[in-house]
Amino acid sequence: MNEKYLEALAQYDLTVDGVRKGRSGWICDTSQGTMLLQEYRGTMKRLEFETQVLGQVRDSGLIQVDDYIRTSGGELVSLSGDGTRHTLKHWYTGRECSLRDQKEVRQAVGKIAVLHQVLKKIPTREEWNLGSIQVETVTQEMERHSQELKRARNFMKNKRKKTDFERCALSNFPVFFAQAQEAAERMACLGGDDPEAVPSLCHGDLDQHHILIHEKTVAVIEYHKMHLGDQMRDLYHFIRKTLEKHDWDQALGLELLSAYDRINPLARRDRESLYCLFLYPEKYWKQINFYMNSNKVRIPSRNLEKLKSLEQQAAQRNRFLSVIK
């Protein structure tokens, strides 16, 4: 084991029984349970923010999270001899949620609902006025992405010799851009003085990789992108990734929304926000964004395949949109 990790672990008031590599760090079996030791490169203000929030989530007793452990001296980071900073946090031995397993997905959505309930009750603090916490709104992001789509369309149209990817992207542009515009316009109308529009704490990066399942235990981990915003973005990202694996199965999608609603009831604004998020062609934008930031002469074949898969799933996706509208 690397000596600097031993130096870091020695600063905590616990006994280490075993250590193994994993999850970009060292998984430690200790006298206080399983822990994860990692190098920390962020700011102390960000770490304090995550610690304040995750401590309250753990104290609720409703959901398991990877909150931080302080050193025997009460510090949030431990230093090795070369000055490297480390954090130690609670960890779980479960595996990542399988999007193919509908039972696991339903479990995960239930825990997302619980997490949102707990996060919504945590009062905002003045010191949270950080760039990583006060992020752009969904409307701002949609409008920015739409401008990027227009620039990419103009660039591709002006090329004399077009690749298969460019031809496919241009043929799909009118339909997807129309959806992008409608989604942004409807989302913009949800702002204003609506009390439901007050930002809440969100996980910020919720997918199958951040949900660990062990028998009947479900833990939601890694809050490095936690911010104030619309919690429906969390739910949308997880359900969208699930439905893409299940060819936009309407019944499954509605079942997942109902599973969330039973625990954390969806308000009218929440449902409209979800519809706008699902309507916006995020996967199409991602492929176009990749294209604009890559070598445009040789686009990997898998990216063309992903673009074509959007065509193939368009009918199923549109049917799902029609039932949640």
Side-chain angles (χ1 to χ4, degrees), residues 42-60 62-63 65-68 108-147 180 182-207 210-211 220-241 257 260-261 263-280 282 285 324:
T43 67
M44 290 307 298
K45 284 187 176 181
R46 175 71 200 190
L47 185 57
E48 287 284 358
F49 160 66
E50 291 182 28
T51 302
Q52 291 168 6
V53 173
L54 295 180
Q56 292 181 70
V57 175
R58 171 174 280 272
D59 289 345
S60 74
L62 298 174
I63 189 167
V65 294
D66 54 336
D67 56 318
Y68 296 95
V109 167
K111 283 299 178 184
I112 293 171
V114 172
L115 175 65
H116 283 171
Q117 280 186 324
V118 176
L119 289 177
K120 194 169 285 187
K121 293 177 182 177
I122 297 176
T124 303
R125 301 189 182 186
E126 287 186 16
E127 62 265 30
W128 292 356
N129 189 24
L130 304 174
S132 63
I133 302 172
Q134 305 287 344
V135 301
E136 66 181 350
T137 66
V138 179
T139 301
Q140 290 170 335
E141 181 181 88
M142 287 181 173
E143 291 173 347
R144 176 170 56 83
H145 287 177
S146 294
Q147 288 299 317
E182 181 186 348
E185 289 169 1
R186 293 181 68 138
M187 186 65 80
C189 293
L190 291 179
D193 299 324
D194 186 345
E196 295 175 1
V198 176
S200 300
L201 285 167
C202 312
H203 180 281
D205 193 25
L206 254 181
D207 58 25
H210 299 132
I211 296 178
V220 183
I221 60 170
E222 296 181 345
Y223 292 77
H224 311 310
K225 293 186 179 180
M226 182 165 56
H227 63 271
L228 288 166
D230 185 350
Q231 291 183 336
M232 292 302 98
R233 294 175 92 171
D234 285 343
L235 182 60
Y236 152 73
H237 277 293
F238 185 80
I239 294 182
R240 193 206 78 210
K241 286 180 176 292
L257 291 174
Y260 182 97
D261 185 59
I263 297 171
N264 190 22
L266 291 165
R268 179 203 61 81
R269 186 188 185 282
D270 294 330
R271 293 182 180 277
E272 178 68 11
S273 177
L274 277 172
Y275 174 73
C276 294
L277 287 163
F278 278 111
L279 178 62
Y280 197 92
E282 184 177 356
W285 169 82
I324 66 169

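Annotation: ring-ring contact (aromatic ring centres under 6.0 Å, His included) contacts of His237 (sequence neighbours excluded): none. With sequence neighbours left out, the salt bridge (Lys or Arg N to Asp or Glu O under 4.0 Å) criterion links Asp67 to Arg58. For Arg240, the salt bridge (Lys or Arg N to Asp or Glu O under 4.0 Å) test picks out Glu244, Glu282, with sequence neighbours left out. Remark: Tyr236 engages Phe278 in a ring-ring contact (aromatic ring centres under 6.0 Å, His included) (not counting sequence neighbours). In this structure Phe49 satisfies the ring-ring contact (aromatic ring centres under 6.0 Å, His included) test together with Trp128, sequence neighbours excluded. Every residue meeting the side-chain hydrogen bond (donor to acceptor under 3.5 Å, both in side chains) condition with Ser146, not counting sequence neighbours, appears here in chain and number order: Tyr280. In this structure Asp66 satisfies the side-chain hydrogen bond (donor to acceptor under 3.5 Å, both in side chains) test together with Lys89, sequence neighbours excluded. Residues satisfying the side chain to side chain contact (heavy atoms under 4.5 Å, CB included) criterion with Leu62, sequence neighbours excluded, are Ser60, Val114, Val118. By the side-chain hydrogen bond (donor to acceptor under 3.5 Å, both in side chains) test, Thr139 pairs with no residue at all, sequence neighbours left out. In this view, Arg144 and Glu136, Glu148 satisfy the salt bridge (Lys or Arg N to Asp or Glu O under 4.0 Å) rule, not counting sequence neighbours.
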Q: Determine, step by step, whether Leu266 and Leu274 satisfy the side-chain contact (heavy atoms from CB on, under 4.5 Å) criterion, reporting the C-alpha distance in whole Å, the side-chain angles of both residues, the deciding distance to 0.1 Å, and the verdict.
A: CA-CA 10 Å; Leu266 291 165; Leu274 277 172; 4.3 Å; yes
Q: Show your working on side-chain contact (heavy atoms from CB on, under 4.5 Å) between Leu115 and Asp234 and close with a plain yes or no.
A: CA-CA 10 Å; Leu115 175 65; Asp234 285 343; 5.5 Å; no
Q: Verify side-chain contact (heavy atoms from CB on, under 4.5 Å) between Leu279 and Glu182, making sure each step is shown before the conclusion.
A: CA-CA 8 Å; Leu279 178 62; Glu182 181 186 348; 3.7 Å; yes
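You'll find the side chain of Ile221 stays beyond 4.5 Å of the side chain of Val65, heavy atoms only. The shortest side-chain heavy-atom distance between Ile239 and Tyr260 does not fall under the 4.5 Å cut-off.
Pairs engaging residues 116-125 under the salt bridge (charged side-chain N to carboxylate O under 4.0 Å, His left out) rule: Arg125-Glu127 [sequence neighbours left out].
Interatomic distance, CG of Asp261 versus CG of Asp270, reported as 9.0 Å (0.5 Å rounding). Remark: Leu277 CG to Leu235 CG distance equals 9.5 Å, nearest 0.5 Å. Note that SG of Cys276 is 5.5 Å distant from CG of Leu190, once rounded to the nearest 0.5 Å. To the nearest 0.5 Å, the span separating CD1 on Ile112 from CD1 on Ile263 amounts to 10.5 Å. Distance check: Gln56 CD to Ile122 CD1 gives 4.5 Å after rounding to the nearest 0.5 Å. The OG1 atom of Thr51 sits 7.5 Å away from the CE atom of Met44 when rounded to the nearest 0.5 Å.
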Enumerate, atom names and distances included, each donor-acceptor pair closer than 3.5 Å involving a side-chain atom of residues 222-232, sequence neighbours excluded.
from	atom 1	to	atom 2	distance (Å)
Glu222	OE1	Arg23	NH2	3.4
Glu222	OE1	His210	NE2	3.2
Glu222	OE2	Arg23	NE	3.0
Tyr223	OH	Val220	O	3.0
His227	ND1	Lys225	O	2.9
Asp230	OD1	Met232	N	2.9
Asp230	OD2	Ser273	OG	2.5
Gln231	NE2	His116	O	3.2
Gln231	NE2	Leu201	O	2.9

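With hydrogens and angles disregarded, a donor-acceptor distance shorter than 3.5 Å links the side chain of Gln140 to the backbone of Thr137.
Electrostatic pairing of Arg233 and Glu141 counts as a salt bridge here, judged by a charged N lying under 4.0 Å from a carboxylate O. Note on Arg268 versus Glu272: no salt bridge recorded, every NZ/NE/NH1/NH2 to OD/OE distance being 4.0 Å or above.
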